[in-house]
Amino acid sequence: MMDKHYDAKASEAKWYPFWENNGCFHDEPDGRTPYSVVIPPPNVTGILHMGHALNQTIQDILVRWRRMQGRNTLWLPGTDHAGIATQNVVEKALKKEGKRRQDLGREAFVERVWEWKRQYGGTIVHQQRMLGNSTDWRRERFTFDDGCNRAVLKVFKQLFDEGLVYKGNYIVNWCPRCGTALANDEVEHEPNHGHFWYIRYPVVGSARGQSGEPYKDYVMVATTRPETLPGDTAVAVNPKDERYAHLLGKTVVLPLTGREIPVIADDYVDREFGTGIVKITPAHDPNDFLVGKRHNLAEINIMNGDGTMNELAGAKYAGMDRFKCREAIVADLEAGGFLDHIEDLDNQVGHCYRCHEVVESRLSKQWFVKMKPLAEPAIAAVKSGEVKFVPDRWSKIYYNWMENIQDWCISRQLWWGHRIPAYYLKNADSAGGVRGDRSPSVPEDLVFVAETAEEALAQAKAKTGNDALTLADLEQDPDVLDTWFSSWLWPFETLGWPEKTKDLDYYYPTADLVTAQDIIFFWVARMMMAGIHFMGRPPFKNIVIHGIVRAADGSKMSKSKGNSLDPLELINQYSADALRFSIALITSLDCDTKVNKEKFEIGRNFTTKIWNAARFMEMQEQALGNGEPARFDGRTAFDQAQSLSADDRHILVACDRACRKVNEILENYRIQDGALAVYDFFWTQICDWYVEYVKDSPNKSVSLAILRDVFWKALRLLHPYMPFVTEEVAHQLGYLKDGETIMRAEYPTGYTDEEKAKWGLTDGLYDFVEAKREAITALRALRAEYKVAPSTFVKVTLAVDADHEKSVASEIPSLKRAMRAESVEIVEAGRDLPMPSKITKFGTVYLSLEGLVDKAAESKRIAGELAKLAGFIKASEAKLANANFVAHAPQAVVDEAKRKLAENKDKVAQLEKLAKLFA
RNA sequence: GGGCUAUUAGCUCAGUUGGUUAGAGCGCUUCCUUGACAUGGAAGAGGUCAGUAGUUCGAAUCUACUAUAGCCCACCA
């Protein structure tokens, strides 16, 4: 006997370990068609949020569905080592102990991070289990585990050998106090009340003027950072700015230095801002850096790592703090007559998120991947249709980025991550290479890239001819690689690459990649490139992009705003099934998903409905079995029935249609439509309609057998969406024995043609029962209109066409029940009866009121109806009178229009007769 | 400034190549404690599909423009 209430927590606690421990999530390569998906690995420091819930629900639905279809399925889980985030977490912990990472030293610090990972890194992996994810935990991976590490080193080495990895200058955010580079998201921009200094740069050749007019001919440059002036290597104007067109090609004198620099034209310059002339300092501003690259300008680094000026700033300023230097330079400009005036300016200035020091843009040497050669085949793979975006519009955004791709800076000044496998020969003669302050300055040809230090040593010996070199003569690059440098290998490094494993051979390429739009560039595009380059084939066939989960008002969810929902809390309150089903039902791939707590009641209520329907079936079966559960084998019981009633056949057709529809929908990744289709089948068709029929079925054992069959199909259809309740109910109702699981049950595909023929399942029959429902609804509506209580038994008359009379007559018993009718009488269509009526496809439904009607109210209502119909009929007639419509529109559309017109004309006739009665 | 998307019922959204009187859920109104379920059942109200013009026999659907909103990128020397 099933409990009165479904205990979701108990069910989840029971079934998840059952599945996991019995290998239900695990397949080994075999002869079947594989279906493989890799999870977008969450940060190991992360905690589960609604975005994960959405992303993983979609994947689990697809994976569970394919698995039930009989595909050999792999959903590979794992986490991302998230260099910066993880290092910060551990550094924060250290800070509480009053230590910095430098106090521990590199090796000890990294060990400390590993320790943290072992202790806390399982949090999100644990939380994912709460969602019900059917990920194969036996194949769980980590982007920094040994295998991934090997893959990363091999890839770096290969790209280096291919000339696709190189070292080059790059502007980084630099905190002078911490002595480290910062990632963009570690820089906090704050409003600043600053100044705009207007400075005159004399045009070369212009004469020094008289009294107070230092130069007759100059360009006016406005800057917020005058201390960078000694690093200027050009001034720039907009190419479309006719005011300055005459300056192009000329050179100007850089004040205080006497150096001559060119005037260049670049689109970057905003004509409206400042004077429309910008000083270009490639070594100290990210935009100027790019301008400098475009125009081949020299990069003069005038600052030390600690924020003081170096000798390139000029002897006078060398060693001076940058802000002191600013004052000194402004004073000297003024003294030299170069300073025109000063304005106040409000702008944004970046600060270090940790020490709040003003961040400096600083030129440094970093490692890069040359992206263009990798991007081209990745573009082609999408253009050719080999890889598809779902929805397709994302391919445009992908092309846009790929076609304008910039080289990828992959080095990070961190300790937690894959250390760059580049080795430098110590004590080599410096060739003046500048690479931050902490790294060795060696000529490029004394850099050895190898997967191991030993191999690097061998290279060094060969290169220098010095056999006496030892490992101690080598120093490894101190930087680590960007976390994405491991993530972009995820679809094959997790399957064993670079080893040639069975898994790799069988599961690569994966089928679908499901992710949110925000990491198309960071991750998806790069995986495409890596997959094609290293595996020779794109890593997946379909890229399914879904929206972002937003708060009810459309804003981003954030903890600080307090508008975020915690999926774990929702699971606790409503159940994992409720969370999954609701999110699937309200999510469209085409747009962001707005959620509030109430939305999750849909799923919760549906769970309750399923449970209660199951209880109903159990009770009915027990009643029929005199207290013992009498379980009717779906097939044999109704196979042997002499004939099935219209309602029995109707639910079988509905079931068949639902099965086909859901499969087709899922083929097209329409997760939402699938949820709706199952929901509608279960609730509307089974519960609201068929169960009501079963209660009074004249052939109850057959009807119960049918219910048992469609219920089992419905549970399996639903399982990908609601894994726990479907498993529990399947066992409670005896569809499965102990030790079996619905996860491996066959996904329903509908009935065979043979079965349909045997049971008389036709579209016409389906429509007939739908028409009957319409008639019953019409009668209920008549009751409501005439305020006849539902408990009152009424007399009903049905006017039907002669050729339908027989089939309608056979439904009289069920009509009587559903209509709560004392009698249902059938008369020929066209009879003029003095009763309120409604016209339906089933025939005209008359409700006998036996003089209980308020005539005035009824007249009024009829008048309203007639007016409404008159409008429609007029429009309809006009349409059908249009020769063009009749000629061009499909026949079915024309026929339907004719049918509607006739039907509404009938309605008018009926109403007019009725109106006379009440007059 | 460059790119993308959206605008349909009070709210959140469907509406697949143009073709029935535009749908669902929630919310709202009225009625119903008949043993599966009040986390339920029944009936109902509510939309000139953002606006304008065009293409077409026919437009929520295609085109152009306008208005409004959002997202991504670049961001102010």
Side-chain angles (χ1 to χ4, degrees), chain A residues 2 4-6 196 221-225 228 236 267-270 272-281 285-288 290-291 345 347-348 393-394 396-397 400-401 404 517-518 520-521 547-548 550 552 554-556 574 578 582 585-588 590-596 598-599 601-620 665 668 670 672-673 676 679-680 687-688 691-692 695 776-777 780-785 787 789-791 820 868-869 871-872 875-876 879 882-890 892-897 899-900 904:
Chain A
M2 288 174 71
K4 183 150 193 198
H5 298 287
Y6 171 58
F196 223 5
V221 171
T223 181
T224 56
R225 290 161 67 210
T228 63
D267 284 331
Y268 157 67
V269 181
D270 180 350
E272 310 302 322
F273 194 77
T275 61
I277 306 179
V278 189
K279 67 196 236 4
I280 300 297
T281 321
D285 181 276
N287 290 302
D288 292 6
L290 294 174
V291 174
L345 181 79
N347 60 354
Q348 300 265 322
R393 65 189 161 92
W394 293 107
K396 275 189 223 160
I397 291 163
N400 200 325
W401 189 74
N404 299 298
Q517 51 193 261
D518 52 352
I520 293 180
F521 306 141
I548 296 166
R550 297 179 168 278
S555 63
K556 270 192 177 164
Y574 297 119
S582 301
L585 190 68
I586 63 179
T587 289
S588 161
D590 290 321
C591 54
D592 290 348
T593 301
K594 289 179 200 160
V595 298
N596 56 42
E598 290 70 46
K599 295 254 173 88
E601 291 178 4
I602 302 170
R604 190 266 319 262
N605 294 354
F606 191 30
T607 312
T608 307
K609 190 74 182 174
I610 293 161
W611 188 257
N612 281 307
R615 284 181 64 221
F616 166 82
M617 196 174 93
E618 188 186 49
M619 285 175 191
Q620 293 282 320
I665 283 169
N668 292 302
R670 302 177 67 110
Q672 182 183 37
D673 293 350
L676 200 63
Y679 184 83
D680 180 69
C687 294
D688 287 350
V691 156
E692 294 303 319
K695 282 177 182 169
I776 291 165
T777 299
R780 284 175 183 156
L782 285 168
R783 276 178 180 273
E785 276 166 31
K787 308 225 182 309
S791 53
R820 288 187 74 77
K868 223 161 108 186
L869 287 168
F872 173 76
S876 252
K879 198 175 185 181
N882 183 338
N884 279 319
F885 170 70
V886 178
H888 291 93
V893 173
V894 177
D895 289 348
E896 183 63 18
R899 201 191 64 72
K900 281 274 175 190
N904 282 290

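Chain letters run A, B, ... following the sequence lines, proteins first and then strands; every chain starts at 1. Below, each value reflects all heavy atoms present in this structure, side chains not excepted, and no hydrogens, waters or symmetry copies.
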(message) Can you identify which nucleotide, out of U39(B), C57(B), U5(B), has its nearest atom closest to the Lys396(A) side chain?
(response) U5(B)
(request) For U33(B) and C28(B), measure between their C1' atoms and round to the nearest Å. (result) 23 Å
(request) Kindly point out which of U39(B), A77(B), A36(B) is positioned nearest to the side chain of Asn605(A)? (result) U39(B)
(message) In whole Å, I'd like the distance from the CG atom of Leu676(A) to the C1' atom of U12(B).
(response) 13 Å
(request) Output the single nucleotide from C4(B), C57(B), A24(B) whose closest atom is nearest the side chain of Arg393(A). (result) C4(B)
(message) Tell me whether Asn596(A) contacts the main-chain N or O of Lys599(A) through its side chain, where contact means a donor paired with an acceptor under 3.5 Å.
(response) yes
(message) Say we look at G25(B) and A14(B): how far apart would their C1' atoms be, to the nearest angstrom?
(response) 10 Å
(message) As an exercise, state the distance from CZ of Arg820(A) to OG of Ser791(A), rounded to the nearest 0.5 Å.
(response) 6.5 Å
(request) For Ile520(A) and C73(B), give me the distance from atom CD1 to atom P, rounded to whole Å. (result) 11 Å
(request) Hunt down the Watson-Crick or G-U wobble partner of C62(B), both distances under 3.5 Å, from any strand shown, or write none. (result) G54(B)
(request) Specify the separation, in whole Å, of atom CD1 of Ile397(A) and atom C1' of G3(B). (result) 8 Å
(message) Rounding to an integer number of Å, can you tell me how far Glu598(A) CD sits from G10(B) P?
(response) 20 Å
(request) Determine yes or no for a side-chain-to-main-chain donor-acceptor pair under 3.5 angstrom, with Asn668(A) supplying the side chain and Arg670(A) the backbone. (result) no
(message) Any base atoms under 4.0 Å from Val691(A), or only sugar-phosphate, or nothing? Heavy atoms, all strands.
(response) base
(request) Quickly work out the Met617(A) CE to G35(B) C1' distance and round it to whole Å. (result) 18 Å
(message) At 4.0 Å (heavy atoms only), tell me whether Arg550(A) reaches a base, stays on the sugar-phosphate, or touches nothing.
(response) sugar-phosphate
(message) Looking at A24(B), which nucleotide sits across from it as a Watson-Crick or G-U wobble partner, both distances under 3.5 angstrom, or is there none?
(response) U12(B)
(message) Below the 4.0 Å mark, does A36(B) have OP1 or OP2 next to a side-chain nitrogen or oxygen of Lys695(A)?
(response) yes
(message) Starting the side chain at C-beta, find the nucleotide from A42(B), U5(B), U39(B) nearest to Arg604(A).
(response) U39(B)
(message) With rounding to the closest Å, how many angstrom separate the C1' atoms on A22(B) and G35(B)?
(response) 41 Å
(message) What is the separation between atom CZ on Phe606(A) and atom C1' on A36(B), rounded to the nearest whole Å?
(response) 15 Å
(message) Nearest heavy atom decides the nucleotide; on that basis, is Glu896(A) or Arg615(A) closer to the 5' end of RNA chain B?
(response) Glu896(A)
(message) Within the structure provided, determine whether Lys4(A) and Arg615(A) are in side-chain contact (heavy-atom separation under 4.5 Å).
(response) yes
(message) Nearest whole Å is fine: how far is G23(B) C1' from Asp680(A) CG?
(response) 12 Å
(message) Can you tell me the base-pairing partner of C49(B)? Count Watson-Crick or G-U wobble geometry only, both distances below 3.5 Å, and say none if there is no partner.
(response) none
(message) Quick check for you: among U39(B), G19(B), C71(B), whose closest atom lies nearest to any side-chain atom of Val893(A)?
(response) G19(B)
(message) Once hydrogens and angles are ignored, does a donor-acceptor distance under 3.5 Å link the base of U21(B) to the side chain of Asn904(A)?
(response) yes
(request) Take atom CG of Asn884(A) and atom C1' of U55(B), then tell me their distance rounded to the nearest Å. (result) 15 Å
(request) Map Lys879(A) and Cys687(A) onto RNA chain B by nearest heavy atom, then report which one ends up closer to the 5' terminus. (result) Lys879(A)
(message) Under a 3.5 Å cut-off for both contacts, is A67(B) paired Watson-Crick or G-U wobble with anything, and if yes, with which nucleotide?
(response) U7(B)
(message) Distance check, P atoms only: A6(B) and C26(B), in whole angstrom units.
(response) 27 Å
(message) When both hydrogen-bonding distances must be under 3.5 Å and the geometry is Watson-Crick or G-U wobble, what is U17(B) paired with, if anything?
(response) none
(message) Please check: side-chain N/O of Asn612(A) versus main-chain N/O of Thr608(A), any donor-acceptor pairing under 3.5 Å?
(response) yes
(request) Just compare G19(B), A36(B), A14(B) and give me whichever is closest to any side-chain atom of Gln672(A). (result) A14(B)
(request) Output the single nucleotide from U12(B), C57(B), A43(B) whose closest atom is nearest the side chain of Lys599(A). (result) U12(B)
(message) Could you tell me how far U34(B) sits from G41(B) if I compare only their C1' atoms? Round to whole Å.
(response) 11 Å
(request) Using only side-chain N and O atoms of Asn287(A), determine if any of them is under 4.0 Å from OP1 or OP2 of A74(B). (result) no
(request) Report which part of the nucleic acid Asp688(A) touches: base, sugar-phosphate, or nothing (heavy-atom distance under 4.0 Å, all strands). (result) sugar-phosphate
(request) Check whether any side-chain heavy atom of Tyr679(A) lies under 4.5 Å from a side-chain heavy atom of Ile602(A), and answer yes or no. (result) yes
(message) Any salt bridge linking Glu896(A) with Arg899(A)? Criterion: basic side-chain nitrogen under 4.0 Å from a carboxylate oxygen.
(response) yes
(request) Using atom types as modelled and distance alone, determine if a side-chain donor or acceptor of Thr607(A) lies under 3.5 Å from a backbone N or O of Ala578(A). (result) no
(request) Searching all strands shown, indicate the nucleotide that pairs with G40(B) (Watson-Crick or G-U wobble; both distances under 3.5 Å). (result) C32(B)
(message) As a test of reading the structure: which of C57(B), A77(B), C37(B) is closest to the side chain of Lys609(A), going by heavy atoms?
(response) C37(B)
(request) Looking only at side-chain atoms of Asn612(A), point me to the closest of C71(B), C37(B), A77(B). (result) C37(B)
(message) Given G15(B), A36(B), C57(B), identify the nucleotide with an atom nearest to the side chain of Arg670(A).
(response) G15(B)
(message) Taking U52(B) as the reference, what is the distance to U7(B) when you measure between their C1' atoms (whole Å, please)?
(response) 15 Å
(request) Assign Ala889(A) to base, sugar-phosphate, or nothing according to its heavy-atom contacts below 4.0 angstrom with the strands shown. (result) base
(request) Answer whether the closest heavy-atom distance between the side chains of Val691(A) and Gln620(A) falls below 4.5 Å. (result) no
(request) Using the P atoms only, state how far G18(B) lies from C62(B), rounded to an integer number of Å. (result) 8 Å
(request) Between A77(B) and U5(B), how far apart are the P atoms? Round to whole Å, please. (result) 32 Å
(request) Verify the contact: side-chain N or O of Thr777(A) to OP1 or OP2 of A43(B), cut-off strictly under 4.0 Å; return yes or no. (result) yes
(request) Could you tell me whether Gly276(A) contacts a base, only the sugar-phosphate backbone, or nothing, with contacts defined as non-hydrogen atoms closer than 4.0 Å? (result) base
(request) Using a heavy-atom cut-off of under 4.0 Å over every strand shown, decide if Ile586(A) touches base, sugar-phosphate, or nothing. (result) nothing
